[in-house]
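When a residue number appears, it is its place in the shown sequence, counting from 1.
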Amino acid sequence: MMTTVMGLVRLHAPFQNLNMAVGWWAAYMGIATFLGVFSTALLLQHMSWSTWWLILAGITLLPIPLVLKFVAPDAPAGASGMREAARRIGITAKSGRVWVSGLIFGCYTVQWMAVVGFLPTIYEGFGLSPVAGGLVTAVVGGLNAVGAIISGSLLHRGTNGRTMLLVGFILMAVTSTLTFVVDYPPQLLWIQMIAVVLFSISGATIPTTMTRVAVDLAPAGGSAPASMGLIQQIFNIGNFTGPMLLAGIATLTGGWNSTWWITCGFALVGFLLTIGLSRWNSPFAAMNSH
């Protein structure tokens, strides 16, 4: 679904405003985290999990009438169209640039989902109530959306995508270290909160830039939607594995203080992959020429 939506953004956004449009689209994770965690923290005080899940299932169906009204159906492709699509997907899957771009995206999602996903648990250890911890997490997630919109604006104004990625990974490493390496006393918890807020905002440069890169990433004869789909799969693997890795390190070391190893390690990998991608028929040149 996310691949399809990105295709619609590319199709309908004015060409000169594509960077800005991608920035707004990349804000979906932060917006969803804010709304989901904020509403869950409040509503679970008054209803059961099962009731809330049923409500969420109903909300999931709400976009269907909008899709039927505003998204025109595609013309039937037929057997020859299917073969052509399979050929283009195969060409795309053989592109090293697509795989590297997906890994860069995954280096971000491993960190962000791990840290934000465990914030309520971390703050519960400081004595915050589940509601307070949930609200703090919601704000941190929502600010990621703000960072994505700002990043889209910077791309629109001509900021180099490679620079944004490198700065994003550096800031994620620094702010996650400040978040976890110090055993903050409760009265200084606000310092950790500021660090994790900056972690979320600065990290938004990465999904915004990589989503924009994916638009121009398909090799000759390949498929842009297939590029985005492959990148999204690696993105989702990062979402799935990040919390497990963070929890594993915390369990092995007996606390959260060592979990900066995970965030800094993936930030370093993402940094090096970005340098490699920029030297390999760089996609950043194409995005900055629009």
Do [X] and [Y] have side chains that approach each other closer than 4.5 Å (heavy atoms only, starting at C-beta)?
X: Thr209; Y: Ser151; result: no
X: Met164; Y: Leu155; result: yes
X: Val139; Y: Met193; result: no
X: Leu42; Y: Val131; result: yes
X: Phe118; Y: Met113; result: no
X: Gln111; Y: Phe169; result: yes
X: Phe180; Y: Val115; result: yes
X: Phe235; Y: Pro207; result: no

So which atom in [X] and which in [Y] form the shortest heavy-atom distance, rounded to 0.1 Å?
X: Gly134; Y: Ala41; answer: CA-CB, 4.0 Å
X: Gly238; Y: Pro243; answer: O-CD, 4.5 Å
X: Thr177; Y: Cys264; answer: OG1-SG, 3.1 Å
X: Ile104; Y: Gly270; answer: CG1-O, 4.3 Å
X: Ser176; Y: Ala173; answer: OG-O, 3.1 Å
X: Ser101; Y: Ile231; answer: CB-CD1, 4.0 Å

Just how far is it from atom [atom1] of [X] to atom [atom2] of [Y], taken to the nearest 0.5 Å?
X: Asn239; Y: Ile234; atom1: CG; atom2: CD1; result: 12.5 Å
X: Leu272; Y: Leu103; atom1: CG; atom2: CG; result: 12.5 Å
X: Leu277; Y: Arg97; atom1: CG; atom2: CZ; result: 7.0 Å
X: Thr163; Y: Leu154; atom1: OG1; atom2: CG; result: 11.0 Å
X: Leu35; Y: Thr40; atom1: CG; atom2: OG1; result: 10.0 Å
X: Leu135; Y: Leu119; atom1: CG; atom2: CG; result: 12.5 Å

> For Leu230 and Ile89, what are the C-alpha separation, side-chain angles and deciding distance, and is it a side chain to side chain contact (heavy atoms under 4.5 Å, CB included)?
Replying inline: CA-CA 10 Å; Leu230 178 56; Ile89 291 172; over 6 Å; no

Does one hydrophobic cluster hold both [X] and [Y], with members joined at side-chain heavy-atom distances below 4.5 Å?
X: Ile122; Y: Met244; answer: no
X: Trp53; Y: Ile59; answer: yes
X: Val181; Y: Ile262; answer: yes
X: Val116; Y: Val37; answer: no
X: Leu178; Y: Leu189; answer: yes

> Is Trp261 atom CH2 crowded by more than 12 heavy atoms from other residues, nucleotides or ligands, each under 6.0 Å away?
Replying inline: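 12 or below, so no.
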
> Is there a donor-acceptor contact under 3.5 Å linking the side chains of Ser48 and Thr51?
Replying inline: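 A pair is found: one side chain offers a donor N or O, the other an acceptor, under 3.5 Å apart.
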
>> Less than 6.0 angstrom separating the ring centers of Trp190 and Tyr184, yes or no?
In response: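 No, they do not, as the ring centres are separated by 6.0 Å or more.
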
> Where does the angle between the aromatic ring planes of Tyr108 and Phe105 fall among parallel (under 30°), tilted (30 to 60°) and perpendicular (over 60°)?
Replying inline: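 Tilted.
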
> Given the rule in the side chain to side chain contact (heavy atoms under 4.5 Å, CB included) test, do Val110 and Thr241 qualify, once you have shown the distances and angles that lead to the verdict?
Replying inline: CA-CA 7 Å; Val110 163; Thr241 57; 3.9 Å; yes

>> Determine whether Asn144 and Thr33 satisfy the following criterion, side chain to side chain contact (heavy atoms under 4.5 Å, CB included), listing intermediate values before the conclusion.
In response: CA-CA 9 Å; Asn144 183 261; Thr33 300; over 6 Å; no

>> Checking the side chain of Thr60 only, and the main-chain atoms of Leu56 only, is there a donor and an acceptor separated by less than 3.5 Å?
In response: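 Between the backbone of Leu56 and the side chain of Thr60 there is a qualifying donor-acceptor contact (under 3.5 Å).
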
> Hey, does the side chain of Trp99 reach the backbone of Ala93 with a donor-acceptor pair shorter than 3.5 angstrom?
Replying inline: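 Flag set: sc Trp99 to bb Ala93 pair under 3.5 Å.
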
Would you be so kind as to tabulate the donor-acceptor pairs closer than 3.5 Å made by side chains of residues 194-203, with sequence neighbours excluded?
{"from": "Ser200", "atom 1": "OG", "to": "Trp112", "atom 2": "NE1", "distance (Å)": "3.0"}
{"from": "Ser200", "atom 1": "OG", "to": "Val140", "atom 2": "O", "distance (Å)": "2.8"}
{"from": "Ser202", "atom 1": "OG", "to": "Leu198", "atom 2": "O", "distance (Å)": "2.7"}
{"from": "Ser202", "atom 1": "OG", "to": "Phe199", "atom 2": "O", "distance (Å)": "3.4"}

>> For a side chain to side chain contact (heavy atoms under 4.5 Å, CB included) check, start with the C-alpha distance between Thr205 and Leu165, then their side-chain angles and the critical distance, and finish with the verdict.
In response: CA-CA 6 Å; Thr205 60; Leu165 288 175; 5.8 Å; no

